[in-house]
Undergrad: 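One structure is given below, represented as structure tokens, and several questions about it will come after.
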Number of protein chains: 2
Amino acid sequence: MTAKLSIERTDDAQASSKGTQDLIPAIFQDRIGYHLRVAQEASFQAFAKATGRADLKPGWYALLTVLTQRDSMTPSELSRICGRDRSTLTSSLKDLADRGLIERHPNPDDQRSYSVRLTEEGRGMQERLQVIADAHDRLLEEITGEDKEVFLSVLARLTTVLG
Amino acid sequence: MTAKLSIERTDDAQASSKGTQDLIPAIFQDRIGYHLRVAQEASFQAFAKATGRADLKPGWYALLTVLTQRDSMTPSELSRICGRDRSTLTSSLKDLADRGLIERHPNPDDQRSYSVRLTEEGRGMQERLQVIADAHDRLLEEITGEDKEVFLSVLARLTTVLG
DNA sequence: GCAAGATAGTTTGGCATCAAATTATATAGT
DNA sequence: ACTATATAATTTGATGCCAAACTATCTTGC
């Protein structure tokens with residue numbers, strides 16, 4: 001059902017790791033953490049490249065997408081849902097506000113907090129990002145193939161136990 | 001064979017995500033990239049905490065361990081084996097040299113390069129780190145359980161295709 | 001009501017990472 | 001031999017992330 005994938009490296013890539021290729025398995029072959037790190041880095045870089053071509057920031061996608069799900073939300077809620085520390089969101093939210101993709105309204109019930117809401121423009125941007133994210137995830141789906149269920153369940157367990 | 005694991009969160013953790021918990025699945029449930037990122041972050045933070053308690057840097061482990069496998073090695077080789085950009089290694093190697101854990105010797109055949117070698121002290125440090133890394137990976141092994149093989153193969157495919 | 005502690009958001013500091021630019025040296029082609 | 005290109009390592013600049021410190025505000029317990 002999914003397109004076939006060629007899992008081969010280019011000649012260039014093969015050449016660049018020649019001679020060391022054999023060492024990797026010897027030491028880290030069984031190291032789950034190693035493979036997890038390298039794979040996640042590769043996935044992130046691929047997505048960052050795709051968004052970068054559209055002059056967007058990869059971190060925007062999760063924020064804008066979560067915001068499509070509710071009328072408004074506080075930064076703390078966003079942080080929990082996105083799985084990132086609150087402090088990480090500060091600059092992204094500023095960016096998004098500066099570009100008019102979100103609006104921040106003071107919360108009348110709590111002067112410390114504010115609510116974040118997508119603007120029309122923000123909604124449009126989310127849709128553009130969604131196309132990129134969809135393509136990225138389609139690729140990941142193809143790669144995981146029939147192992148997707150197991151793979152996701154392991155990731156979920158890791159997050160739960162270590163988180 | 002492996003110890004039983006309790007996959008439950010503390011009351012505190014449950015409470016802190018109350019009300020948002022249901023939103024996560026709704027949007028990102030199927031997003032492989034999202035779960036991959038969150039799980040890797042959790043795994044890295046756990047390892048960083050363990051090394052931090054011993055006043056060590058997490059990045060040292062991979063370098064020192066690779067170096068146990070050969071008499072000496074160039075930074076470029078290390079970079080390929082560790083799966084990180086060369087520029088990332090520069091400061092780590094300086095750290096390690098400053099602490100006397102590695103020695104850097106000029107390469108007589110190539111003035112641009114040098115070879116890196118573990119000192120006795122470096123070997124001892126590697127052994128200390130190995131204990132921590134082993135414990136970390138035992139935990140990961142317990143979590144992945146019988147799915148380890150499939151999990152690792154998916155990670156390897158991701159790295160190969162996206163890398 | 002008021003002091004003590006909790007919470008929301010930001011700021012600061014630190015680390016890890018990549019990519020592009022830089023410098024020095026090797027290698028290849030002519 | 002000399003020039004042009006490639007390579008090794010570093011430097012610089014950017015991003016993303018967390019954790020701890022900080023400020024402002026809210027809530028709780030007396």
Side-chain angles (χ1 to χ4, degrees), chain A residues 12 15-16 18 20 33-34 37-49 51-53 55-63 73-80 82-95 97 104-116 162-163, chain B residues 12 15-16 18 20 33-34 37-49 51-53 55-63 73-80 82-95 97 104-116 162-163:
Chain A
D12 208 40
S16 78
K18 183 167 296 178
T20 59
Y34 169 80
R37 177 178 68 74
V38 175
Q40 137 67 13
E41 181 71 25
S43 165
F44 175 77
Q45 291 297 330
F47 184 58
K49 241 165 216 158
T51 56
R53 273 192 287 273
D55 200 32
L56 307 172
K57 289 193 186 175
W60 291 0
Y61 168 66
L63 295 179
M73 212 175 274
T74 66
S76 285
E77 288 174 317
L78 270 171
S79 133
R80 280 193 292 269
C82 294
R84 306 211 210 117
D85 194 88
R86 269 169 303 160
S87 59
T88 307
L89 267 52
T90 303
S91 70
S92 296
L93 290 175
K94 180 167 174 15
D95 272 6
R104 299 191 270 194
H105 296 102
N107 178 348
D109 296 340
D110 189 337
Q111 303 295 125
R112 295 169 303 180
S113 185
Y114 60 86
S115 64
V116 178
L162 301 172
Chain B
D12 207 42
S16 78
K18 182 168 298 178
T20 58
Y34 170 80
R37 178 177 68 76
V38 175
Q40 135 68 14
E41 183 72 24
S43 164
F44 176 77
Q45 291 298 328
F47 184 57
K49 241 164 216 159
T51 56
R53 272 192 288 274
D55 200 34
L56 306 172
K57 288 192 187 176
W60 292 0
Y61 168 66
L63 295 178
M73 212 174 275
T74 67
S76 285
E77 286 174 319
L78 271 171
S79 134
R80 279 193 292 270
C82 294
R84 303 209 213 120
D85 194 88
R86 268 169 305 163
S87 60
T88 307
L89 267 53
T90 303
S91 71
S92 297
L93 290 174
K94 180 167 174 12
D95 272 6
R104 299 192 268 194
H105 296 103
N107 179 350
D109 296 340
D110 189 337
Q111 303 295 123
R112 296 169 301 179
S113 185
Y114 60 87
S115 64
V116 177
L162 301 172

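Bear in mind that the values here come from a model prediction, so they are computed numbers and not experimental data. By convention in this document, chain letters (A, B, ...) are assigned in the order of the sequence lines, proteins followed by strands, and residues within each chain are numbered from 1.
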Undergrad: Does any part of the side chain of D95(A), heavy atoms only, come nearer than 4.5 Å to the side chain of W60(A), both counted from C-beta?
TA: yes
Undergrad: For a quick check, with a 4.0 angstrom heavy-atom cut-off, what is the B/S/- contact string for nucleotides 3-15 of chain C, read 5' to 3'?
TA: ---BBBBBB----
Undergrad: Starting at atom CG of D109(B), determine the distance to atom C1' of dT7(D), rounded to an integer number of angstrom.
TA: 15 Å
Undergrad: Figure out the CD/C1' separation between Q111(B) and dT23(C), and round it to whole Å.
TA: 14 Å
Undergrad: Is there a side-chain contact between K49(B) and the phosphate of dC18(D), meaning an N or O under 4.0 Å from OP1 or OP2?
TA: no
Undergrad: What's the NE2-P distance between H105(B) and dA9(D), to the nearest Å?
TA: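 The distance from NE2 of H105(B) to P of dA9(D) comes to 15 Å, rounded to the nearest Å.
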Undergrad: For the pair made of CG in L162(B) and C1' in dT17(C), what is the distance, rounded to whole Å?
TA: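 Whole-Å distance recorded here is 17 Å.
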Undergrad: What pair of heavy atoms forms the shortest contact from R104(B) to K94(B), and how long is it?
TA: NH2-CA, 3.8 Å
Undergrad: If I take atom CZ in residue R37(B) and atom C1' in nucleotide dC18(D), what distance separates them, rounded to the nearest angstrom?
TA: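 R37(B) atom CZ is separated from dC18(D) atom C1' by 13 Å.
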Undergrad: Contact class for G83(A) (heavy atom, under 4.0 Å): base, sugar-phosphate, or nothing?
TA: sugar-phosphate
Undergrad: For DNA chain D, whose closest nucleotide is more 5', that of P108(A) or that of S92(A)?
TA: S92(A)
Undergrad: Show the numbers, then the answer: is there a side chain to side chain contact (heavy atoms under 4.5 Å, CB included) between L162(A) and S43(B)?
TA: CA-CA 6 Å; L162(A) 301 172; S43(B) 164; 3.9 Å; yes
Undergrad: Can you tell me how far C1' of dT17(C) sits from CD of E41(B), to the nearest Å?
TA: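 Atom-to-atom, E41(B) to dT17(C), this comes out as 12 Å.
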Undergrad: Using whole Å, what does the distance between atom P of nucleotide dA24(C) and atom CG of N107(B) come to?
TA: 19 Å
Undergrad: Which atom names give the shortest non-hydrogen contact between S92(A) and L63(A), and what distance separates them?
TA: CB-CD1, 3.7 Å
Undergrad: Of all the heavy-atom pairs spanning P106(B) and Y114(B), show the shortest one and how long it is.
TA: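 Looking at all heavy atoms of both residues, the shortest contact is CA-CB, 4.1 Å.
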Undergrad: How far apart are the closest heavy atoms of Y34(A) and C82(B), and which atoms are they?
TA: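 Smallest heavy-atom distance, with atoms named: CE1-O, 3.8 Å.
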Undergrad: Write down the distance between CZ (R84(B)) and P (dT15(D)), rounded to a whole number of angstrom.
TA: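 In whole Å, dT15(D) P and R84(B) CZ are 22 Å from each other.
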Undergrad: Would L93(A) and L78(A) count as a side chain to side chain contact (heavy atoms under 4.5 Å, CB included) here? Give the steps.
TA: CA-CA 10 Å; L93(A) 290 175; L78(A) 270 171; 4.1 Å; yes
